[in-house]
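Scroll down for the structure; my scribbles are underneath it.
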Amino acid sequence: MASDHQRCHYYYEEEDEDDGDEEEVEWLAMEADEGDVGLLEEDDLHLRLPDDRRADCWAITQESLPAAQQQDLSIVMNLLNIKQHHARTLLIHHRWKMHCINDHLDRKGRDRMLSEACIVLPKNSMSAASSRTSSTSVTCIVCFEDFSITDVSTMDCGHYFCNDCWTEHFFASIKTGNKQIRCMEVKCKAICDEDIVRRLLSLKYPAASKRFDCLLLESYLEDNDSVKWCPSAPHCGRAIQIGTGERYCEVACPCGVSFCFNCTGQVHSPCPCAIWEKWKAKGHGDSDSVKWILANTKSCPKCSKPIEKNGGCNLVHCKCGQCLCISGHSCNRYKEENGNKVDTSRQQMQRYTHYWDRYNIHTGSYKVEQKDLGPAVEEQVKKLESNLTGPRMNWDGSWLAMAYQSLLASRQVLSRSYAFAYYMFGGGEVKTHKSEQASLAVAQNLFEDRQEQLERHVEHLSKVLAADVLGLPEEILLKKLEIVNLAKIVQAICGQLYRCIQDELLPLLVQPMNIAAYQPDGPNKAKEFIRA
């Protein structure tokens with residue numbers, strides 16, 4: 001602990017990679033005179049969350065859904081000077097991805113882009129029904145009856161039929177859940193005008209007209225890669241919309257539920273969705289039996305037979321004469337047993353329990369810190385901000401709360417990193433390119449170094465946050481320096497771990513995978529969509 005005439009700056013530095021040494025995070029302590037304390041800039045003592053490119057994230061309710069949909073429709077209508085049903089058809093064709101529409105517009109031009117989406121623009125001349133005859137009646141080629149011009153409707157493609165046939169066609173399409181109703185003409189792919197559909201249905205089938213409007217609204221959710229329902233149970237009634245091109249991200253609904261936007265499961269970065277699903281399925285099926293076998297037995301290093309310890313000293317003798325210690329210690333790296341006599345099935349169980357135990361340890365620590373440490377930190381923040389530390393002091397306790405949030409986030413990163421490591425480094429179910437085995441070994445060492453560093457500093461941060469930060473002003477300042485810089489170190493290592501996985505390890509897999517970007521303050525919080 002620093003003396004009265006000293007204070008400590010804790011920070012990290014990265015070794016020069018040109019020296020061939022791996023990047024390392026080290027503790028450094030620098031001494032300074034007591035008088036320098038008052039010269040510290042206030043900005044230097046605040047914990048800042050690193051800037052990251054975060055998707056715009058909105059929570060859409062049933063009431064705001066029409067406005068959210070109309071906003072995208074208006075953008076396309078104004079951009080291309082087309083009608084609303086044409087804009088909707090184009091957006092559905094591109095799954096409501098505005099960046100795809102802009103890309104196709106630049107590469108192919110307006111007319112070709114619309115043609116590929118089966119959009120036929122209306123002709124400027126008079127309707128086909130009027131141009132084909134000068135008489136006051138026309139023949140519908142579906143029912144072969146004559147109708148006046150006012151009882152016939154023509155679509156943008158130029159095909160016309162009587163209103164009765166159109167109405168029955170619309171009604172049948174809506175009954176099957178078809179939201180994009182095509183023209184009745186054979187081989188015509190043109191989409192019918194929404195206004196005509198509503199007008200004709202409302203005269204004979206008003207319920208179907210309302211159903212049609214509902215289908216159009218639902219298309220904004222069902223056909224939109226940027227919008228997904230919140231997976232809360234019971235359902236909160238919200239859908240979450242993210243920014244363009246941010247499929248792999250983690251979001252938080254205003255109802256409090258956080259989830260992975262790609263798979264709609266619980267947040268699981270830095271573990272890819274496919275690997276996380278395997279890990280959860282394996283945990284539900286195998287964990288209990290594997291944990292019991294490995295907790296109650298140990299393989300003899302000589303004959304490989306399982307030995308059960310039911311009491312007494314940890315130093316035991318096998319029937320083959322081999323002496324071994326039942327209780328052992330291992331680090332975060334898993335080391336396989338060597339030898340031809342090693343039981344393969346048992347070795348797999350040992351390997352699984354190595355990662356499973358460490359996953360559970362950090363998951364349990366997260367729950368304890370959330371339940372017990374959280375209220376304690378909140379109480380210390382209140383005492384700091386209520387001026388209980390001295391008559392002339394007025395502390396901002398936000399740095400303490402933010403450091404605590406960094407601790408919780410890093411705990412989850414640690415626990416899920418073991419799930420990723422189990423499959424990445426020999427789980428058998430995730431294949432890597434055979435030509436990249438040397439690169440895999442180097443990347444594995446880098447990953448495990450980052451994991452070990454993160455584990456060490458997270459435990460340190462947890463210990464420091466559990467201690468009382470109140471005291472004399474000079475003591476509070478020193479503790480603030482230590483906690484803030486510790487939190488910065490933890491965030492930096494988390495970012496390095498994510499980059500190692502995304503840039504070094506995932507490219508080695510045969511099956512392409514991605515993870516959500518590291519977010520120091522947790523999943524991106526969705527804001528309520530406000531209707532203009």
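Residue numbers run from 1 in the order of the sequence given. In what follows, every heavy atom counts, from backbone to side chain, and hydrogens, waters and symmetry copies are set aside. Please read these numbers as outputs of a predicted model, since none were measured by experiment.
- Counting only distance, with no hydrogens or angles, the side chain of Q453 and the backbone of I493 share no donor-acceptor pair below 3.5 Å.
- With sequence neighbours excluded, the residues forming a salt bridge (charged side-chain N to carboxylate O under 4.0 Å, His left out) with D225 are R95, K97, listed by chain and number.
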Inset, instruction - Start with the C-alpha distance between L221 and L65, add both sets of side-chain angles, then the distance that settles side chain to side chain contact (heavy atoms under 4.5 Å, CB included), and finish with yes or no. - result: CA-CA 9 Å; L221 302 175; L65 177 59; 4.1 Å; yes
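- No donor-acceptor distance shorter than 3.5 angstrom exists from the side chain of H94 to the backbone of W96, with no hydrogens or angles considered.
- In this structure, a donor-acceptor pair under 3.5 Å is present between the side chains of Q444 and E448.
- No option in F447, Y359, W279 other than F447 meets the ring-ring contact (aromatic ring centres under 6.0 Å, His included) test with F420.
- Under the ring pair (Phe, Tyr, Trp, His ring centres under 6.0 Å) criterion, F259 pairs with no residue, sequence neighbours left out.
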For residues 261-273, tabulate all N or O donor-acceptor pairs below 3.5 Å that involve a side-chain atom, not counting sequence neighbours.
unit_1	atom_1	unit_2	atom_2	d
N262	OD1	R247	NE	2.6
N262	OD1	R247	NH2	3.2
H268	ND1	C271	O	2.5
S269	OG	E250	OE1	3.1
S269	OG	E250	OE2	3.1
S269	OG	Y498	OH	2.7

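- With sequence neighbours left out, the side chain to side chain contact (heavy atoms under 4.5 Å, CB included) criterion links R110 to L80, I82, L105, L114, L121.
- If you check the side chains of T176 and N178, you find no donor sitting under 3.5 Å from an acceptor.
- Counting only residues at least two apart or on different chains, no ring pair (Phe, Tyr, Trp, His ring centres under 6.0 Å) pair has a member in residues 59-85.
- Partners of Q511 by side-chain hydrogen bond (donor to acceptor under 3.5 Å, both in side chains), not counting sequence neighbours: none found.
- Here the closest non-hydrogen pair linking I275 and A419 is CG2-O, 4.0 Å.
- In this structure, the side chain of Q519 does not engage the main chain of C249 through any donor-acceptor pair within 3.5 Å.
- Side-chain N or O atoms of S64 include none that pairs as donor or acceptor with a backbone N or O of I60 at under 3.5 Å.
- Salt-bridge formation is detected for the pair R112/E116: a Lys NZ or Arg NE/NH1/NH2 atom is positioned less than 4.0 Å from an Asp or Glu carboxylate oxygen.
- Annotation: side chain of F425 is in contact with side chain of L505 (closest heavy-atom distance under 4.5 Å).
- The number of heavy-atom neighbours closer than 6.0 Å to CD of Q437, taken from other residues, nucleotides and ligands shown, is above 12.
- Residues passing the salt bridge (charged side-chain N to carboxylate O under 4.0 Å, His left out) test with E436: none are found, sequence neighbours excluded.
- Atom CG in D449 sits 11.0 Å away from atom CG in L497 (nearest 0.5 Å).
- Considering every non-hydrogen atom in both G374 and Y404, the closest pair reads CA-OH, 3.1 Å.
- Residues that satisfy the side chain to side chain contact (heavy atoms under 4.5 Å, CB included) test with D195, not counting sequence neighbours, are D193, R198.
- Under a cut-off of 6.0 angstrom, the local environment of CG in N81 is sparse, with at most 12 non-hydrogen atoms contributed by other residues, nucleotides or ligands.
- Here the closest non-hydrogen pair linking S410 and V490 is CB-CG1, 3.3 Å.
- Nearest heavy atom pair, residue R182 against residue C188, reads CB-O, 4.4 Å.
- With sequence neighbours excluded, no residue forms a ring pair (Phe, Tyr, Trp, His ring centres under 6.0 Å) with Y366.
- Between the CD atom of E504 and the CG atom of L446 there is a distance of 6.5 Å, given to the nearest 0.5 Å.
- To the nearest 0.5 angstrom, T89 atom OG1 is 12.0 Å from K83 atom NZ.
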Legend entry - Test side chain to side chain contact (heavy atoms under 4.5 Å, CB included) applied to E185 and C157, step by step: CA-CA 10 Å; E185 181 68 24; C157 55; 6.0 Å; no
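- S209 places no side-chain N or O within donor-acceptor distance of the main-chain N or O of Y205, the cut-off being under 3.5 Å.
- Side-chain atoms of S417 come within 3.5 Å of backbone N or O of L414 as a donor-acceptor pair.
- Inter-residue side-chain proximity for E528 and R238 is flagged as met; some heavy-atom pair is nearer than 4.5 Å.
- Residues in residues 67-77 take part in no salt bridge (Lys or Arg N to Asp or Glu O under 4.0 Å) pair, two or more places apart or across chains.
- For the residue pair Q241 and Y220, a side-chain donor N or O sits within less than 3.5 Å of a side-chain acceptor on the partner.
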Inset, instruction - Go through the steps for E369 and L408 under the test side chain to side chain contact (heavy atoms under 4.5 Å, CB included), then give the verdict. - result: CA-CA 7 Å; E369 288 164 347; L408 293 182; 4.1 Å; yes
Inset, instruction - Report the C-alpha distance between K210 and D213 in whole Å, list the side-chain angles of each, state the deciding distance to 0.1 Å, and finish with yes or no for side chain to side chain contact (heavy atoms under 4.5 Å, CB included). - result: CA-CA 5 Å; K210 294 180 180 179; D213 288 332; 5.5 Å; no
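- In this structure a side-chain-to-backbone donor-acceptor pair under 3.5 Å is present from H104 to C100.
- Shown here are the salt bridge (charged side-chain N to carboxylate O under 4.0 Å, His left out) partners of R88, two or more places apart in sequence or in another chain: E194.
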Inset, instruction - Would you check, one step at a time, whether the test side-chain hydrogen bond (donor to acceptor under 3.5 Å, both in side chains) holds for E455 with H362? - result: CA-CA 9 Å; E455 207 160 28; H362 289 292; 2.6 Å; yes
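- Cation-pi check for K282 over Y352 is met; the charged atom lies under 6.0 angstrom from the ring centroid and within 45 degrees of its normal.
- Applying the salt bridge (charged side-chain N to carboxylate O under 4.0 Å, His left out) test to E222 and every residue at least two apart in sequence or in another chain returns K179.
- In this structure a side-chain-to-backbone donor-acceptor pair under 3.5 Å is present from S74 to Q70.
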